[in-house]
2 protein chains.
Amino acid sequence: MAKPGVLTPQAEDFPRWYQDVVAKAELADNGPVRGTMVIRPTGYALWERIQREMDDRIKAAGAQNAYFPLFIPQSYLAREAEHVEGFAPELAVVTHAGGKELEEPIVVRPTSETVIGEFMAKWVQSYRDLPLLLNQWANVVRWELRPRVFLRTTEFLWQEGHTAHASREDASAYARRILHEAYQDVIAGVLGIPVVVGCKTVKERFAGAINTMTLESMMRDGKALQMGTSHELGQNFARAFGIEYTSDTGSREHAWTTSWGSTTRMVGALVMAHGDDNGMRVPPNLAPVQVLVMVVKAGDGVAEAAEQLVDDLRAAGVRVALDDRVDTAFGRRAVDAELKGVPVRIEVGPRDLADQKVTLVRRIAGSKTPTELTAVVTAAKAALAEDQDVLYSEALERREKSTVDVATVADAAEAAKTGWARIPWSTLGVEGEAELAKDAVSVRVL
Amino acid sequence: MAKPGVLTPQAEDFPRWYQDVVAKAELADNGPVRGTMVIRPTGYALWERIQREMDDRIKAAGAQNAYFPLFIPQSYLAREAEHVEGFAPELAVVTHAGGKELEEPIVVRPTSETVIGEFMAKWVQSYRDLPLLLNQWANVVRWELRPRVFLRTTEFLWQEGHTAHASREDASAYARRILHEAYQDVIAGVLGIPVVVGCKTVKERFAGAINTMTLESMMRDGKALQMGTSHELGQNFARAFGIEYTSDTGSREHAWTTSWGSTTRMVGALVMAHGDDNGMRVPPNLAPVQVLVMVVKAGDGVAEAAEQLVDDLRAAGVRVALDDRVDTAFGRRAVDAELKGVPVRIEVGPRDLADQKVTLVRRIAGSKTPTELTAVVTAAKAALAEDQDVLYSEALERREKSTVDVATVADAAEAAKTGWARIPWSTLGVEGEAELAKDAVSVRVL
Ligand SMILES: [Zn+2]
Ligand SMILES: [Zn+2]
């Protein structure tokens with residue numbers, strides 16, 4: 001359906017293909033300041049759906065949303081030396097405001113960690129205040145020298161969770177709960193992307209964490225993408241910020257904290273995990289529009305039939321939209337829907353309709369089936385359920401094919417050129433990890 | 001119920017009462033950078049509910065959400081001289097990033113208007129691209145010398161809508177549609193705050209607008225608060241940004257645009273429009289928690305009965321929460337619920353329960369009624385519906401009482417000391433407006 005040559009083929013140049021999809025599916029544009037992006041309605045609708053699904057699960061896990069300021073006094077970032085070193089070249093600094101130079105420069109938040117730590121210390125007094133489970137949806141800024149839309153941008157949108165607990169066990173369980181019940185559930189169940197879930201090596205751990213857990217997914221070029229992380233911070237963070245509480249026996253204790261985050265990078269992952277040479281393929285569970293009813297061209301009763309279908313699909317609980325722009329060539333509209341990855345299209349044209357038929361087009365399975373008008377709502381719903389699984393299975397199969405079990409560090413380096421390698425940590429160890437790093441191969445997950 | 005002296009009484013010092021409520025109801029704290037705020041979970045839950053209700057209506061009006069960058073090149077704001085003068089002292093400017101000084105300073109968006117204008121010009125080519133209906137939820141920064149939490153803060157959260165149309169009529173109708181179907185519907189119908197809707201005088205108009213429409217509400221101190229604005233920008237904005245399209249007859253035309261915004265200020269308005277000396281009174285249609293089921297103290301079957309009630313209320317479509325923190329004094333928890341303005345509380349205690357009774361407490365009506373356990377779900381739902389109306393009617397009555405019809409400019413100035421004055425524009429006119437300005441009285445709405 002898509003005109004050949006619209007997109008650079010994946011096999012030819014994957015990063016170029018990705019850029020093409022982002023542009024042609026109207027997901028995003030580059031912003032005027034280098035490294036920033038304009039998220040267009042098609043891209044933002046995907047993010048909104050991801051956000052909603054994630055937010056529901058974060059709330060179900062008991063966390064509450066709050067909002068902390070964009071601006072952080074520079075002195076806050078000096079507090080925890082380890083972190084500042086990590087961020088310094090990434091920071092954007094406000095030096096002028098209110099028409100004059102500021103006495104103390106202000107940093108645009110690269111994360112709200114320091115401010116949240118400050119306020120947690122204020123809010124936590126007694127064991128009764130624990131656990132304190134906070135989450136924030138916000139924009140953050142980290143200066144990027146080699147930006148890539150959605151994947152690595154100077155400004156991005158994310159959620160960051162920060163929790164404080166009375167015991168190590170409780171903190172540890174909560175970090176895992178978010179990892180599985182929020183992140184894994186959304187990424188695997190909604191985005192249809194298989195994940196390998198596990199711990200990072202000491203080398204790859206978040207600064208200050210006693211344990212960093214990660215979800216890693218394979219993109220269609222065989223590369224890994226980190227989909228989210230959840231950290232156990234032990235009492236390190238609480239010590240740095242003075243998050244102390246009086247226990248039920250009256251003693252003063254440091255809290256045990258966690259932090260966890262996921263970002264607009266997931267939109268990029270969605271493109272790269274499922275897309276093909278015709279564009280995106282959006283999993284039905286995520287799709288803002290699951291079924292697009294398209295009027296092929298004007299004709300007797302066509303518009304009415306299409307509208308009736310939209311009503312019927314909506315009543316059946318389907319997220320549906322109508323494309324009745326008959327003054328735009330049908331082929332062009334079909335290519336556009338293909339590029340944007342709408343899971344199911346129902347094409348309503350005068351000729352088919354004379355036989356009480358419409359055409360059901362499945363983006364994921366790649367099929368095109370004449371279907372009785374009376375049967376199409378049921379058929380569409382079945383296709384949505386089926387194709388969610390198809391997408392996941394395909395991605396899982398691809399990953400399994402591209403992952404080899406290896407026994408030596410040299411074999412691991414070789415395998416990493418085209419996919420993933422699975423190697424026992426007892427074989428690899430810290431020295432093997434250092435060895436692989438020379439070939440720009442990283443140990444993603446234990 | 002609330003301990004006397006917890007809040008400064010409204011009659012004594014209204015601004016102080018407001019500050020007390022914001023602090024004691026745990027709505028927000030001051031951020032570390034002057035003028036910024038930390039929106040705490042209780043306050044943010046209110047904002048999230050407002051946002052959801054507003055977003056649903058904005059989408060129903062056909063607009064799509066998008067996201068534009070936080071950072072704007074300084075040169076963008078020089079483009080439209082009229083606006084820059086308005087903003088210059090309000091701007092926060094980033095001069096350093098990536099570890100060095102920037103060649104061109106970057107402004108933290110005070111609005112996304114200029115960037116959106118730039119991209120609209122790119123996206124609008126043909127009449128087929130119109131109307132283009134965009135909305136954005138984001139944080140913006142305007143340096144404030146006299147900040148007040150929620151009402152006037154250096155950083156605030158808002159939505160800004162920007163639309164482009166093929167005709168003046170279409171633009172005009174859309175600006176009105178948002179005004180009524182989104183803003184008025186949410187403010188009056190959900191927040192329960194009466195609004196006077198109308199046009200601003202030429203003097204009070206938004207720079208560049210050919211018509212600014214506003215919604216004005218009266219707070220409990222008799223003062224007006226602007227709840228939202230919707231602007232018709234004619235072709236001025238399109239000319240400044242080059243938003244042109246080819247019409248269906250092939251001619252090149254400037255688009256007609258609108259813009260409209262509403263902010264976290266609405267949370268402050270909610271406090272000031274309905275609150276009393278015991279704290280907030282949250283309208284049931286908005287309330288994140290409509291009914292709080294409280295375990296008074298532990299006892300035979302009390303916890304089970306409370307949990308059953310929560311399930312029953314949830315099944316009846318009520319937003320419900322459970323307070324079973326029996327290790328915290330009941331009086332303290334009741335005062336807290338009162339401060340936070342939870343519309344309905346159901347107190348479950350061992351003594352009442354022995355008689356198969358609970359106590360229904362209505363925050364808005366101020367009543368406390370022993371109620372049969374079997375009847376309390378129905379009673380709670382009835383109370384929620386009734387008290388939404390009570391709150392609106394009370395606010396309307398107060399406004400009517402505090403608004404006087406006057407015939408002279410002098411009388412208007414006098415009336416404005418304690419409330420509002422209604423005066424024919426034919427009597428007032430531009431000169432009368434200038435006269436009133438000397439007494440710091442503004443003409444809010446025509
Ligand atoms: Zn830390
Ligand atoms: Zn303008």
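Every heavy atom of this structure was used, including side-chain atoms; hydrogens, water molecules and symmetry mates were not.
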Aromatic ring pairing Tyr67(A)/Tyr44(B), orientation class (parallel under 30°, perpendicular over 60°, tilted between) |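 Ring orientation of Tyr67(A) relative to Tyr44(B): parallel.
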Can you tell me how far apart [atom1] ([X]) and [atom2] ([Y]) are? Round to the nearest 0.5 Å.
X: Glu113(A); Y: Met120(A); atom1: CD; atom2: CE; value: 10.5 Å
X: Leu151(A); Y: Met37(A); atom1: CG; atom2: CE; value: 9.0 Å
X: Trp47(B); Y: Leu270(B); atom1: CH2; atom2: CG; value: 12.0 Å
X: Met266(A); Y: Phe150(A); atom1: CE; atom2: CZ; value: 11.5 Å
X: Glu144(A); Y: Arg34(A); atom1: CD; atom2: CZ; value: 9.5 Å

Contacting moiety of [X], where chain A heavy atoms sit under 4.5 Å:
X: Glu48(B); answer: side chain
X: Ile72(B); answer: backbone
X: Asp248(B); answer: neither
X: Leu134(B); answer: side chain
X: Trp123(B); answer: side chain

Between [options], who has the most heavy-atom pairs with chain A when the cutoff is under 4.5 Å?
options: Thr154(B), Thr328(B), Val94(B); result: Val94(B)
options: Lys100(B), Glu155(B), Gln64(B); result: Glu155(B)
options: Leu102(B), Asp327(B), Val107(B); result: Asp327(B)
options: Ala92(B), Pro105(B), Ala138(B), Gly43(B); result: Ala92(B)
options: Ser112(B), Pro41(B), Ala28(B), Pro73(B); result: Pro41(B)

Worked verdict on Tyr76(A) versus Glu118(A) for side chain to side chain contact (heavy atoms under 4.5 Å, CB included) | CA-CA 9 Å; Tyr76(A) 270 52; Glu118(A) 177 88 2; 3.3 Å; yes
Heavy atoms only, distances under 4.5 angstrom: which of [options] has the most pairs with chain B? Name it, please.
options: Arg128(A), Arg40(A), Gln136(A), Arg325(A); answer: Arg40(A)
options: Gly98(A), Gly31(A), Ala45(A); answer: Gly98(A)
options: Leu145(A), Val141(A), Val115(A); answer: Val141(A)
options: Thr95(A), Thr42(A), Val108(A); answer: Thr95(A)

Who are the side chain to side chain donor-acceptor pair (under 3.5 Å) partners of Thr163(A), not counting sequence neighbours?
->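 For Thr163(A), the residues satisfying side chain to side chain donor-acceptor pair (under 3.5 Å) (neighbours in sequence not counted) are His165(A), Thr258(A).
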Region of Leu70(A) that comes under 4.5 Å of a non-hydrogen atom in chain B |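 For Leu70(A), heavy atoms of backbone and side chain both lie under 4.5 Å from chain B.
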Which portion of Arg52(A) sits near chain B, non-hydrogen atoms under 4.5 angstrom |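 For Arg52(A), side-chain heavy atoms alone lie under 4.5 Å from chain B.
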By side chain to side chain contact (heavy atoms under 4.5 Å, CB included), which residues pair with Lys122(B), not counting sequence neighbours?
->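 Per chain and number, Lys122(B) pairs via side chain to side chain contact (heavy atoms under 4.5 Å, CB included) with Asp29(A), Phe119(B).
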Are any of the side-chain nitrogens in Asp55(A) or Lys59(A) under 4.0 Å away from the carboxylate oxygens of its partner?
->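 Yes, this pair counts.
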